Amino acid sequence: RESGARTIAIVNEVHSPVADAAEFLIPIEAGPEQSVAATKTVIGSMAAGAALIAELTGDAALGSALDRLPGRLERALTLDWSAIGRDLTGANAVFIASRGLGLGSAREIALKLAEILRLPALGFSAAELMHGPRAALSSRTPVIMMRLMDETAVTIDRLASELRESGIAVHLCGGPRATLPWLDDDDPAMDAITMLIPAYRMIEQTARAWGFDPDRP
């Protein structure tokens, strides 16, 4: 800001150093942060960022998808991804893959898996995972994949099929070959946010089953 940059802070806590330093402030108002592992603040920040982009670009379709997001998040609470938790027992590591707008969510899920379950977890673009990191996959490294209904779907489908043929446990959300429960497809940017909900619930449930406190990793 001192160098003349336009600075915008998306925060939950409006009384904080980053909020004080920014020129413009977008409060997400998610309520008190009760857990070390941020979940609602991540979702709130992503939604706020999307709302900012929709406003700046005049993207009416994105704005309409944002209006549908709260209802879809609530519906996503009913999705049961516990099958992943069963595969994580005895796993050496877990890989999470998506592409495009889903990449940030893949890396967020990897972060939470490592933080809360103490399990080595890596988030990759599906395009990357098809190359060098593919050599690290085995029957003891489950792969969680998130497929959005956009131009990245072909890559996700191809990689999921190839990995399954190699005997690797693949948990796929979205598309005709999905193994994880999912809602009907909507806007890809909003679906990347919505897919976090069942992932968070699975991680919380697995942590408690393993004797960990998901709120204080």
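Computed from a prediction, not measured in an experiment: that's the story for all the values here. This chain uses plain numbering: 1 for the first residue, then up along the sequence.
By the rule that hydrophobic residues join a cluster once side-chain heavy atoms approach within less than 4.5 Å of another member, Ile10 and Leu69 end up as members of separate clusters. Linking Ile, Leu, Val, Met, Phe, Trp and Tyr residues whenever their side-chain heavy atoms come within less than 4.5 Å places Trp210 and Ile116 in a single cluster. Linking ILVMFWY side-chain heavy atoms closer than 4.5 Å, directly or via other members, places Leu196 and Val143 in two distinct hydrophobic clusters. Residues Ile156 and Ile109 fall into different hydrophobic clusters, defined by Ile, Leu, Val, Met, Phe, Trp and Tyr side chains chained together at heavy-atom separations under 4.5 Å. Neither Met46 nor Leu56 shares a network with the other; the hydrophobic side chains, linked directly or stepwise wherever heavy atoms of I, L, V, M, F, W or Y lie under 4.5 Å apart, form separate groups for each.
Counting heavy atoms from C-beta on, the side chains of Glu162 and Arg134 come closer than 4.5 Å. Between Phe212 and Arg118, the closest side-chain pair of non-hydrogen atoms falls below 4.5 Å. Counting heavy atoms from C-beta outward, Leu113 and Ile144 have side chains that approach closer than 4.5 Å.
Summarising the geometry, atom CG belonging to Leu148 is positioned 9.5 Å from atom CG belonging to Asp187; distances are rounded to the nearest 0.5 Å. From Thr39, atom OG1 reaches atom CD of Gln34 across 10.0 Å, with rounding to the nearest 0.5 Å. In this structure, Thr152 OG1 and Asp157 CG are separated by 9.5 Å, a value rounded to the nearest 0.5 Å. Atom CD1 in Ile84 sits 5.5 Å away from atom NE2 in His171 (nearest 0.5 Å). The CG atom of Leu52 sits 5.0 Å away from the CD1 atom of Ile8 when rounded to the nearest 0.5 Å. Rounding to the nearest 0.5 Å places CD1 of Ile168 at 7.0 Å from OG of Ser138.
Heavy-atom minimum distance, Arg68 versus Ser64: NH1-OG, 2.9 Å. Closest approach of Leu62 to Ile53, counting heavy atoms only: CD2-CG2, 4.3 Å. The heavy-atom pair separating Ala65 from Met190 by the smallest distance is CB-CG, 3.6 Å. The two residues Ala93 and Pro142 have their closest heavy-atom pair at O-CD, 3.2 Å. Among all heavy-atom pairs drawn from Asp87 and Ala169, the shortest one is OD2-CB, 3.3 Å. Shown here for Ala114 and Ala121, the closest heavy-atom pair between the two residues is N-CB, 4.1 Å.
Residue-environment remark: CZ (Arg1) exceeds the threshold of 12 foreign heavy atoms within 6.0 Å. More than 12 heavy atoms of other residues, nucleotides or ligands sit less than 6.0 Å from atom CD of Glu23. Enclosure of atom CD in Glu55 is not indicated, since only 12 or fewer non-hydrogen atoms of other residues, nucleotides or ligands lie within 6.0 angstrom. Dense packing is recorded around NE2 of His131, with more than 12 heavy atoms of other residues, nucleotides or ligands lying under 6.0 Å away.
Remark: the backbone N or O of Ala127 is not paired with any side-chain donor or acceptor of Thr155 at under 3.5 angstrom. Distance alone, capped at 3.5 Å, places no donor-acceptor pair between the Arg201 side chain and the Asp80 backbone. Thr206 places no side-chain N or O within 3.5 Å of a backbone atom of Ile203 that could act as its donor or acceptor partner. Looking at Ser35, its side chain does come within 3.5 Å of a backbone N or O of Ala37 through a donor-acceptor pair. Checking side-chain atoms of Ser105 against main-chain N and O of Ala192 turns up a donor-acceptor pair under 3.5 Å. When atom types are taken as modelled, the side chain of Thr41 and the backbone of Ala38 share no donor-acceptor pair closer than 3.5 angstrom. Of the possible polar contacts, one joining the Asn12 side chain to the Gly31 backbone as a donor-acceptor pair under 3.5 Å is found.
Grouping Ile, Leu, Val, Met, Phe, Trp and Tyr residues whose side-chain heavy atoms lie under 4.5 Å apart, directly or via other members, places Val14 in a hydrophobic cluster with Val11, Val18, Leu25. Grouping Ile, Leu, Val, Met, Phe, Trp and Tyr residues whose side-chain heavy atoms lie under 4.5 Å apart, directly or via other members, leaves Val154 alone, with no other cluster members.
Qualifying side chain to side chain donor-acceptor pair (under 3.5 Å) partners for Thr7, counting only residues two or more places apart in sequence or in other chains: none. The side chain to side chain contact (heavy atoms under 4.5 Å, CB included) check on Leu122 picks up Phe95, Phe124, with sequence neighbours excluded.
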With a 3.5 Å cut-off and sequence neighbours excluded, list the donor-acceptor pairs that the side chains of residues 174-185 form with protein atoms.
from, atom 1, to, atom 2, distance (Å)
Thr179, OG1, Leu172, N, 3.0
Trp182, NE1, Asp185, OD1, 3.1
Asp184, OD1, Arg75, NH2, 3.2

Can you list the steps and then say if Met202 with Leu88 is a side-chain contact (heavy atoms from CB on, under 4.5 Å)? CA-CA 11 Å; Met202 177 274 297; Leu88 296 181; 4.2 Å; yes

Checking salt bridge (charged side-chain N to carboxylate O under 4.0 Å, His left out) for the pair Asp191/Arg72: CA distance, chi angles, key distance, verdict? CA-CA 9 Å; Asp191 283 353; Arg72 289 178 63 79; 3.0 Å; yes

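Within the structure, the salt bridge (charged side-chain N to carboxylate O under 4.0 Å, His left out) test picks out the following pairs touching residues 91-117 (sequence neighbours left out): Arg107-Glu128, Glu108-Lys112.
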